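This report concerns only the one structure given below.
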Amino acid sequence: MTDISGGPAALPVSKSRRGSLLTQDALTRRRNAAEARFKAYGAVAITLSMLALVWLLFSIISVGSPAFRQTFLTMPIELPEDKLDKSGTRDPAVMAKVTTVGYAAVIQAALTKAIKEKGISTDGMTPKDIAGIVSLEAPAQLRNHVLANPDLVGQTIDFEILANGRVDGFFKGRVTMETARLDSNIKPEQLVLAERLVDAGIMAQRFNWGFITFPDASDQRPEAAGLGVAIIGSFYMMIVVLVLSLPIGVAASVYLEEFAPKNRLTDLIEVNIANLAAVPSIVFGILGLAVFINFAGLPQSAPIVGGLVLTLMTLPRIIIPARAALKSVPPSIRDAALGVGASRLQSVFHHVLPLAAPGILTGMIIGLAQALGETAPLLLIGMVAFVRDYPGMPIDGFFDPASALPVQVFSWTVRGDPGFVERASGAIIVLLVFLLVMNAVAIILRRRFERRW
Amino acid sequence: MNDMRIAERVVDSMESKITARGVQVFYGQNHALKDVDVDILDKTVTAFIGPSGCGKSTFLRCLNRMNDTIDGCVVKGSIKIDSEDIYDPKVDPVQLRAKVGMVFQKPNPFPKSIYDNVAYGPKIHGLTRNKAELDEVVETSLRRAALWNEAKDRLKSPGTGLSGGQQQRLCIARAIATSPEVLLMDEPCSALDPIATAQIEELIDELRSQFSVVIVTHSMQQAARVSQRTAFFHLGYLVEFGETGQIFTNPKDPRTESYITGRIG
Ligand SMILES: Nc1ncnc2c1ncn2[C@@H]1O[C@H](COP(=O)(O)OP(=O)(O)OP(=O)(O)O)[C@@H](O)[C@H]1O
Ligand SMILES: [Mg+2]
């Protein structure tokens with residue numbers, strides 16, 4: 001402030017009675033030390049958890065990201081009419097008589113021809129060995145493609161063929177010459193041939209859309225396994241959960257918070273909701289099995305049943321944050337609305353609910369995210385089944401067998417072929433991406449609604 | 001200020017708008033109001049005075065049944081508006097509150113725009129037929145609450161962004177926008193500066209031409225300035241009730257006298 005000596009009459013300055021402000025006394029020092037210690041503990045805790053998270057993400061991404069790349073062979077394939085459509089009618093129903101064995105022969109012929117054209121030596125390899133670098137799934141894929149486009153028969157097409165999982169693993173570093181020597185599924189010579197095919201431009205790795213779109217594949221064909229059915233199944237279940245639990249959860253929490261009398265019964269309900277939120281999720285699976293499948297007769301492995309079970313599980317987890325959000329709306333707002341003659345319902349819908357909406361939505365999305373990652377109850381209602389057919393369009397599709405993302409992770413991790421390890425981690429990445437997106441949506445909605453008047 | 005104004009005041013109406021007889025209020029075990037008999041006249045300003053915690057707000061909240069929302073609050077006795085018992089089971093409190101407006105002790109604007117705050121009551125009661133009429137109601141209400149000049153350029157900005165005193169005037173505007181027959185005001189000026197207070201007091205005086213106003217206040221001067229009748233509450237009892245001039249110049253009860261001279265409170 002003003003300089004005293006410069007002022008009109010310098011007054012005598014009083015003496016401090018409690019010691020100088022410029023030196024810290026013992027108590028202040030101790031308090032400051034305690035604060036500094038506490039901050040250090042906090043920083044250590046945060047660092048540890050961040051390290052754990054980084055380590056987890058790193059290991060998942062390093063194991064799982066190869067699942068998004070896949071080795072393919074690209075070569076001209078002749079589709080001879082005399083083998084694939086003897087009748088010459090191009091009628092898919094008739095052509096379906098040719099099994100995958102017939103298409104395997106077509107692929108083998110094309111491969112042999114391509115190898116010969118490029119002058120790649122295959123000395124010491126049987127035709128079976130040569131064909132072995134192609135995925136077992138490839139003939140089925142070619143067959144489906146031809147049956148869908150019967151007019152291709154008689155032509156020569158460029159078709160991408162999946163390489164065998166071991167060959168793919170070789171390029172990803174999972175399989176080496178040493179392991180191939182001990183492995184009955186692959187021979188070192190085949191790997192050498194694969195390398196030559198890469199040099200010749202026939203074999204290459206590229207981004208693997210099939211991992212997102214293909215259905216699951218059997219034990220010997222990790223290279224063809226995809227998340228298509230699981231993603232659709234999870235998506236259908238989330239629709240069921242959202243459609244059921246949003247209205248029920250909001251209605252229940254609004255009723256309990258704003259309208260219900262406070263008595264023994266509502267206390268009991270409250271305690272039970274809190275307990276239900278803590279019930280292990282597998283219990284809901286048992287309940288779903290007993291009620292929805294055995295009693296109500298709904299089909300097994302169906303997204304509708306999974307959705308219902310997850311709804312039961314999610315409801316208490318939505319109601320609790322929704323009630324907290326409603327409770328945090330100041331009572332003076334309700335008074336204000338009632339004071340100008342609004343009814344209870346009007347005060348809730350015009351004022352309380354909009355103010356609680358960000359909290360309710362956040363709870364809702366976190367509940368959905370939990371449901372998306374839930375595995376145990378789905379195992380009990382048969383979602384773990386091996387499903388190759390895509391479920392149909394909603395609403396009928398809700399009743400078709402399907403898988404779910406976390407269950408797919410689980411069932412891939414228990415499979416024997418090492419190719420599935422990478423698939424499982426890749427599926428976890430997909431699941432995490434979905435969860436991240438949902439949480440981001442939760443944050444955005446929160447920001448949006450919080451400042452809206 | 002000029003306490004002389006008391007003398008000029010005469011009660012112009014002798015019709016009773018609200019008749020309360022033997023009103024008892026319990027908050028659970030707490031007996032907050034004991035045997036209160038009050039007649040609130042039509043087109044009159046009635047002031048409730050008394051020390052903190054004596055039950056002024058409690059009684060005020062009985063008059064529009066806002067106590068219904070408090071768990072464990074029991075009201076006994078009879079309160080009649082226009083000779084109709086408002087605690088009759090047939091009475092819908094929502095309808096009652098449209099008739100008996102209220103301004104709360106703490107300003108509580110809706111977290112919406114200033115315009116929406118004032119327009120909310122008329123909207124839900126269907127008092128206006130179109131936007132132009134609604135605009136007019138909003139403007140007159142804000143003008144009468146002495147807020148128009150400050151708010152006219154920011155009608156779309158949130159009411160919660162106003163200062164405390166402005167918020168209280170917004171709440172007053174919101175209450176009068178529904179044109180109630182009785183206006184209950186719980187310490188409406190406690191957060192206002194002297195100028196805004198004077199404007200509100202002017203408003204109260206003006207409102208008197210149309211409906212009856214009940215105002216709770218801790219300011220003796222304010223009670224003396226704006227009211228025609230004054231009720232003094234103490235420890236849940238209605239100690240004295242009568243013409244404002246008489247209460248302030250010639251109180252009958254010794255407790256009233258010591259309160260208004262500043263010895264209890
Ligand atoms: N919601 C409530 N629950 C329980 N007791 C209450 C409640 N509201 C008020 N009371 C009690 O009722 C009595 C009267 O309170 P009231 O609010 O009517 O006082 P007041 O005269 O308005 O005081 P002030 O001038 O401080 O606003 C007090 O003893 C108070 O503790
Ligand atoms: Mg009060």
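Throughout, protein chains are lettered first and strands after them, A, B, ... in sequence-line order, and every chain is numbered starting at 1. Only a predicted model underlies this, so the values are computations on that prediction, with no experimental measurement involved.
With contacts defined as side-chain heavy-atom distances shorter than 4.5 Å, the pair B:R174/A:V340 qualifies. Side-chain contact between A:D335 and B:M66 is present, with at least one heavy-atom pair separated by less than 4.5 Å.
Of all the heavy atoms in A:I333 and B:P109, the pair that sits closest is CD1-O, 3.7 Å. Pairing each heavy atom of A:A336 with each of B:F110, the nearest pair is CB-CE2, 3.7 Å.
Interface check for chain B: of the options A:P331, A:G339, A:P330, the most heavy-atom pairs under 4.5 Å are formed by A:G339. In terms of non-hydrogen atom pairs under 4.5 Å with chain B, the most contact-rich of A:P354, A:P261, A:A342 is A:A342.
Counting only distance, with no hydrogens or angles, the side chain of A:H351 and the backbone of B:P111 share no donor-acceptor pair below 3.5 Å.
Between B:Y120 and A:H350, the ring planes lie perpendicular to each other; the angle is over 60°, past the 30° to 60° tilted range.
Between the CD1 atom in B:I124 and the OG atom in A:S343 there is a gap of 7.5 Å [rounded to 0.5 Å]. Rounding to the nearest 0.5 Å places CG of B:D68 at 9.0 Å from CZ of A:R344.
At most 12 heavy atoms of other shown residues, nucleotides or ligands fall within 6.0 angstrom of atom NZ in B:K76. For A:F259, the CZ atom sits in a packed shell: over 12 heavy atoms of surrounding residues, nucleotides or ligands are nearer than 6.0 Å.
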